There are 2 protein chains.
Amino acid sequence: MNHMQMPPWTVETVATDLERAIHEHRLPPGTKLGEDELGEVYGISRTLVRAALQSLGHRRLVEHRRNRGAFVAQPTVREAREVFEARALLEPRTARSAAERSTPESMAILRAHIRDEHAALAAGEHGKALHLSGQFHIEIARMADQATIEAFISELVARSSLIIALYWQRRAAMCESHAHNALITAFENKDGTLAEDLMKQHLLDLVTSLDLRNITSMPGSLREALAR
Amino acid sequence: MNHMQMPPWTVETVATDLERAIHEHRLPPGTKLGEDELGEVYGISRTLVRAALQSLGHRRLVEHRRNRGAFVAQPTVREAREVFEARALLEPRTARSAAERSTPESMAILRAHIRDEHAALAAGEHGKALHLSGQFHIEIARMADQATIEAFISELVARSSLIIALYWQRRAAMCESHAHNALITAFENKDGTLAEDLMKQHLLDLVTSLDLRNITSMPGSLREALAR
DNA sequence: GGAGACGAGATTGTATACATAATTGTGCTT
DNA sequence: AAGCACAATTATGTATACAATCTCGTCTCC
C-alpha cells in the first residue's frame, strides 16, 4: 500500500518487512497472510512471497495450514513457556559473555537502542518500542560474538513479541527500560556475574508479567471474545 | 537413483532424506546440490526441490550462493566453536530435566538407540552410527518435553555432524557409546545433577576430539587435497 | 423451516516456461 | 603459444499457467 521507499523487494527484504510488522503488532496473531494479496502489495509474484512466508515459517512466526495458507502464528501457553525456558538457558550466560567483551562502540549502540525506545514510547509508538526492546536483547548476543546463539535468540525474541501480544496482562507497566538500564551499567563495569543475574531476573519478570494460565488458551480469541 | 520405497515425495520428506544423507556423510561438505539433478532423482519439479533446499538452508545444513546454487555447508572453525558453545548452554540443563522426567518408555527408546548404534558400528556403517548417535541427543531433548529447545538441539546436532566430517581427528576412537551408557544409568536413577555433569563432560570430550586450529580451514578441501 | 448435498468461486500446491547470471569452451590476436 | 574476448551452454532466479483442495452460497429434500 505505502512502502514509499520501495526497495527492490527480495525474499529477504520482504521477510524482514513482514517480521517487523509482526514484531510491532501491526499484524496481530492469527492474521491471514494471503499469497496473492502480499504479492500485489510488494509488486512481486507468489513465488517470492511463498519463499518469504516459508522463511518466517521456519522461525515459527507464521503457521502454515495445509491448503489453507499462512497465518501469523498464535503461540500456545505451552509454547510460550518453552520459549522463555529456552531464553532462560541462553540469555543469562550470553549477557555475561557480552559484559566481559563490552566495548565503547557496543555500549553506544545499546544506549542508542534505549534512547530510541524511550522516544518511541513517548511518541505513543508502542509497537516500535517493543521492537527496539527486542533488538536490545539481540544486540547483546551480537556483543557476545556468538552468531549461532544470536540467531536462536533472535527467533525467541520474535516469538516473544507474539506471546506478549497474546498473553500480556496490562497491569504490569512497561518497566522494561529500567531492567535494560541496569544491564547497561553492569556492561559498563564489565561485571559479567551481575549482568548474568540481571538478565535472569529480567526474563523472570517478563514471564511473570504474562498470564499463562491455560484456561482460555487455544482457540485463540474466540472463547475469550465470547466470555461474558 | 534407488529409493526403492518411493514415498510420495513431499518437501518435508525430501528435506528429511537429504538431511539424513548429509548427517550420514553420504553427502560430504561442499557437495553441489543441483536443482535439476535432485528433481530428477526424486521425480519432482525444481519448485519442491528449492523449497526443501531452502528449508535445509535455514537450518544451516546447506549454504546458498547467489546464482551459484546450493552446497552442503562447510562450517568454519569459528562456526564449529559457536555450535558447541550453544550446545554447552542448552544440553546439560536439558539432560537434567530429562533425567528427572525419565519414564520406562523413554528409557526403552534410548536403549534402542544405543543398541542400533552398536549394531551399525559393528556392521561398519559409520554414517548410520553417527546419525543414531545424534538422534540420542535429540531424544533426550524430547524426554525433557521441550519442543523449542529440541528444535535448536536438532539443528546443532545436524551441524555437528558436518563439523565432525570436517574436523574430526581420527586418533580419538569412537568412545561416544560409553558416555551415552553413563548417561543412561544417570537417567535410570533420575539423577539430574549427574546427568547434567555427564552431558557437560560429554560435550567437552567431543570438542577436544576435534582439530579446531584454524590453519588450513576455509577453502574446504582443495588446499587439503593438494597438500603434499 | 432446517439439514445435507452439490457446485461456483477462490486460494493454495505443483509444474513449466521464460529471464538472467555464471561457467566453460572456442577462436582470434599478439 | 599464451592471453584475452566473446559466444554457447548450463544453472539459477522469477513469473505464470494449470491442478487440486477448501470455502461458502444455494438448492433440494425431508
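Since we're looking at a predicted model, the values are computed, not measured. Sequence lines set the chain letters: A, B, ... in the order given, protein chains first and strands last, and positions in each chain run from 1.
- Screening Met107(A), Glu105(A), His113(A), Arg111(A) for a side chain to side chain contact (heavy atoms under 4.5 Å, CB included) involving Ile109(A) leaves a single residue, His113(A).
- Contact check of residues 27-38 of chain A against DNA chain C (heavy atom, cut-off under 4.0 Å) returns Lys32(A), Gly34(A), Glu35(A), Asp36(A).
- A distance-only check finds a donor-acceptor pair linking the side chain of His126(A) to the backbone of Gly124(A) [under 3.5 Å].
- The side chain to side chain donor-acceptor pair (under 3.5 Å) test with His202(B) singles out one residue from His137(B), Arg87(B), Glu91(B), and that residue is His137(B).
- Evaluation of the side chain to side chain donor-acceptor pair (under 3.5 Å) rule for Thr16(A) yields no partner, not counting sequence neighbours.
- A heavy atom lying under 4.0 Å from DNA chain C marks the following residues of residues 58-72 of chain B, by number: Asn67(B), Arg68(B).
- The footprint of chain B on DNA chain C, defined by a heavy-atom cutoff below 4.0 Å, extends from dT14(C) to dT23(C).
- Here salt bridge (Lys or Arg N to Asp or Glu O under 4.0 Å) pairs that include residues 52-62 of chain B, with residues two or more places apart or in two chains, are Glu19(B)-Arg59(B).
- One finds a salt bridge joining Arg20(B) and Glu24(B) here, because a Lys/Arg side-chain nitrogen approaches an Asp/Glu carboxylate oxygen to under 4.0 Å.
- Residues satisfying the salt bridge (charged side-chain N to carboxylate O under 4.0 Å, His left out) test with Glu63(B), not counting sequence neighbours, are none.
- Between His58(B) and His58(A), the two ring planes are parallel [angle under 30°; tilted spans 30° to 60°].
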**OP:** Check the pair Glu82(A) / Arg78(A) against salt bridge (Lys or Arg N to Asp or Glu O under 4.0 Å), numbers first and verdict last.
**Re:** CA-CA 6 Å; Glu82(A) 285 186 354; Arg78(A) 178 200 190 83; 3.6 Å; yes
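- The minimum heavy-atom distance linking Thr148(A) with Ala86(B) is given by the pair CG2-CB, 4.4 Å.
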